[in-house]
There are 2 protein chains.
Amino acid sequence: METNSWANKTFNETKASSESLLKELRLPTIRRFPKYLRVLWDLSSLGRDFVSSDKIANELNIDPITVRKDLAFTGVIGKPRIGYSIPLLINGIEQLIQSNGQTNILLIGAGNLGRALLGYGGLEKHGYNIVAAFDSDLNKVGTTIHNKQVYNIEQLTEITEKVNIEIGVLCIPEDVAQKTATFLVKAGIKAIWNFTNTELKVPEHVTVLSEDLASSLAVLSVNMKRNSNKKAKEE
Amino acid sequence: METNSWANKTFNETKASSESLLKELRLPTIRRFPKYLRVLWDLSSLGRDFVSSDKIANELNIDPITVRKDLAFTGVIGKPRIGYSIPLLINGIEQLIQSNGQTNILLIGAGNLGRALLGYGGLEKHGYNIVAAFDSDLNKVGTTIHNKQVYNIEQLTEITEKVNIEIGVLCIPEDVAQKTATFLVKAGIKAIWNFTNTELKVPEHVTVLSEDLASSLAVLSVNMKRNSNKKAKEE
DNA sequence: TATTTATCGATATCAAAATATCGATAAATA
DNA sequence: TATTTATCGATATTTTGATATCGATAAATA
């Protein structure tokens, strides 16, 4: 049997193996996928059908070898001198990182950050459905933000009993973060996207992803110091 | 000369060596520092003076060995059976990740995300000074948000000529991101905190830190799939 | 049709990060 | 005072991630 045969895998094989590939996916690769998608969407809208790993790497300022390794997870086979099929890549990446079927989301906390997230189209683009937003501020309750109804936080149980919610997005003050998380877990939620600076304690089976601006700021800060040290030495 | 001698370094030695330690700091370590700070501040406010690596590790759900290695960068020496001095650790970490002196910041784009960031106290806590916000929406111009004046984006040059700005925070639509970044670079900015989904092209000496919600969402998505696969197999 | 060349993908190497091991030590306890 | 124990920090190992090398191949070109 030959080892290096191009373009023999069918689309169905790709799809069938996606579950096992999922296990092998590493964090840095997953983080790069949406960046690839952005480049691919752009090229696609320009009417291009194929793209090389070099081209993608250039756009994103990363190494082409990294790109090829990452793209290998989609199961899409590139052709020498041509590159990869853009539609197949888009499909392949989406298979890996998008939700399967309808996934319902609640957003808790309709402050500025919450509003910003309601305006961010990414959730819908990835196959998620924002069901509603919640807030304790009665001035906000009853309004709609980006077409989403804002409910009183007291009505949370009411809604979670009626609709199957899989993800909760927490944009609330720290002091109520753990309490709310615990409530959501009891309501059967599967994942929490945590925009508070609290380390949430949840059971094993609940996926938590925390955003931490302070961590980012620390990185920015250190990088700046390094850069200025560098410049100081040059002078 | 003995190798394992506790508590002999003075505070001044710690400070003097901070520049060289800066080089050795790795990204994951830098990202964890603010998390350590949060735990340390909490303990400090409870009146505690010492803490063990195990305690910190437990709070943050990470490995105590990782904690000890990270804390070694502060130059603070822990004592067996006692742990580390909390005030010294706080000071040590702050030395590494905070700005030196007064660092001026401009925030470009006073939409929901921009407003959320103006409300986020982290920048001030790290020694940064938000000078002003800018927007193109004339309804916002002239107002103040969290005590920061909102100027017309047209006035950007005016301000950058008057005040030395080191960091620009971009919370603006994608289509004007590169243009604005280029402008800021010309105005002599040192770093950009980029909340748009654009890969900014800037010169070497400018530090860029990009936040990418889509990358985070991809991680959340894949983790959820893995968790549900896991559960499916258990059943 | 033969040669050149861009590009892939497999394998190998190198670097970074996480984790494990273990002796040293100082407080607590017997 | 002797022994036990919690905890540190140095060093070693393993895992993960990035980068380099190179043969295979198919389109482009001579």
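Excluded from the calculations below are hydrogen atoms, water molecules and symmetry mates; all remaining heavy atoms, backbone and side chain alike, are included. Numbered from 1 within each chain, the chains take letters A, B, ... in sequence-line order.
- Atom-to-atom, CD of B:Glu24 to P of D:dA10 comes out at 14 Å; the value is rounded to the nearest Å.
- No side-chain heavy atom of B:Asn227 sits less than 4.5 Å from a side-chain heavy atom of B:Asn223.
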Worksheet item: Once Watson-Crick and G-U wobble pairs under 3.5 Å are found, how is DNA chain C written in dot-bracket notation, 5' to 3', with | for any base paired to another strand?
Response: ||||||||||||||||||||||||||||||
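- Across B:Thr74, B:Asp70, B:Thr29, a single residue satisfies side chain to side chain donor-acceptor pair (under 3.5 Å) together with B:Tyr36, and that is B:Asp70.
- Note: CG (A:Leu25) to C1' (D:dG17) measures 14 Å, nearest angstrom.
- The interatomic distance linking B:Asp54 (CG) with D:dG9 (P) rounds to 13 Å, in whole Å.
- With rounding to whole Å, A:Leu89 atom CG is found 10 Å from C:dC8 atom P.
- With sequence neighbours left out, B:Glu174 forms a salt bridge (Lys or Arg N to Asp or Glu O under 4.0 Å) with no residue at all.
- A sub-4.0 Å separation between OP1 or OP2 of C:dG9 and a side-chain N or O of A:Tyr84 is present.
- A donor-acceptor pair is defined here as one N or O able to donate and one able to accept, closer than 3.5 Å; such a pair exists between the side chain of B:Ser215 and the backbone of A:Arg31.
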Provide a list of protein-nucleic acid N or O atom pairs under 3.5 angstrom, restricted to nucleotides 18-21 of chain C.
| from | atom 1 | to | atom 2 | distance (Å) |
| --- | --- | --- | --- | --- |
| C:dA18 | OP1 | B:Arg32 | NH1 | 3.3 |
| C:dA18 | OP2 | B:Arg32 | NH1 | 3.3 |
| C:dA18 | OP2 | B:Arg32 | NH2 | 3.2 |
| C:dT19 | O4 | B:Lys69 | NZ | 3.3 |

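- Of all nucleotides listed (D:dC8, C:dA27, C:dT5), C:dT5 comes nearest to the side chain of A:Arg81.
- At least one donor-acceptor pair under 3.5 Å links the side chain of A:Lys225 to the backbone N or O of B:Leu96.
- For the side chain to side chain donor-acceptor pair (under 3.5 Å) test with B:Asn194, the passing option among B:Thr196, B:Asn197, B:Thr198 is B:Thr196; the others fail.
- Spacing between atom CG of B:Leu27 and atom C1' of D:dT16 amounts to 15 Å, rounded to whole angstrom units.
- Side-chain contact between B:Ile167 and B:Ile192 is absent, with no heavy-atom pair separated by less than 4.5 Å.
- Distance alone, capped at 3.5 Å, is enough to place a donor-acceptor pair between the B:Ser221 side chain and the A:Ile97 backbone.
- Separating the CZ atom of B:Phe73 from the C1' atom of C:dA16 is a distance of 12 Å, rounded to the nearest angstrom.
- Taking atom CZ of residue B:Arg26 and atom P of nucleotide C:dA17, one finds them 5 Å apart after rounding to whole Å.
- Remark: P of D:dA28 and NZ of A:Lys79 are 11 Å apart, rounded to the nearest angstrom.
- Proximity of residues 40-50 of chain B to DNA chain C (heavy atom under 4.0 angstrom from any strand atom) is not detected for any residue.
- With sequence neighbours left out, the salt bridge (Lys or Arg N to Asp or Glu O under 4.0 Å) criterion links B:Glu211 to no other residue.
- Here A:Phe195 pairs with A:Trp193 under the ring pair (Phe, Tyr, Trp, His ring centres under 6.0 Å) rule; sequence neighbours left out.
- A side chain to side chain contact (heavy atoms under 4.5 Å, CB included) with B:Tyr128 is found for exactly one of B:Glu124, B:His126, B:Lys125, namely B:His126.
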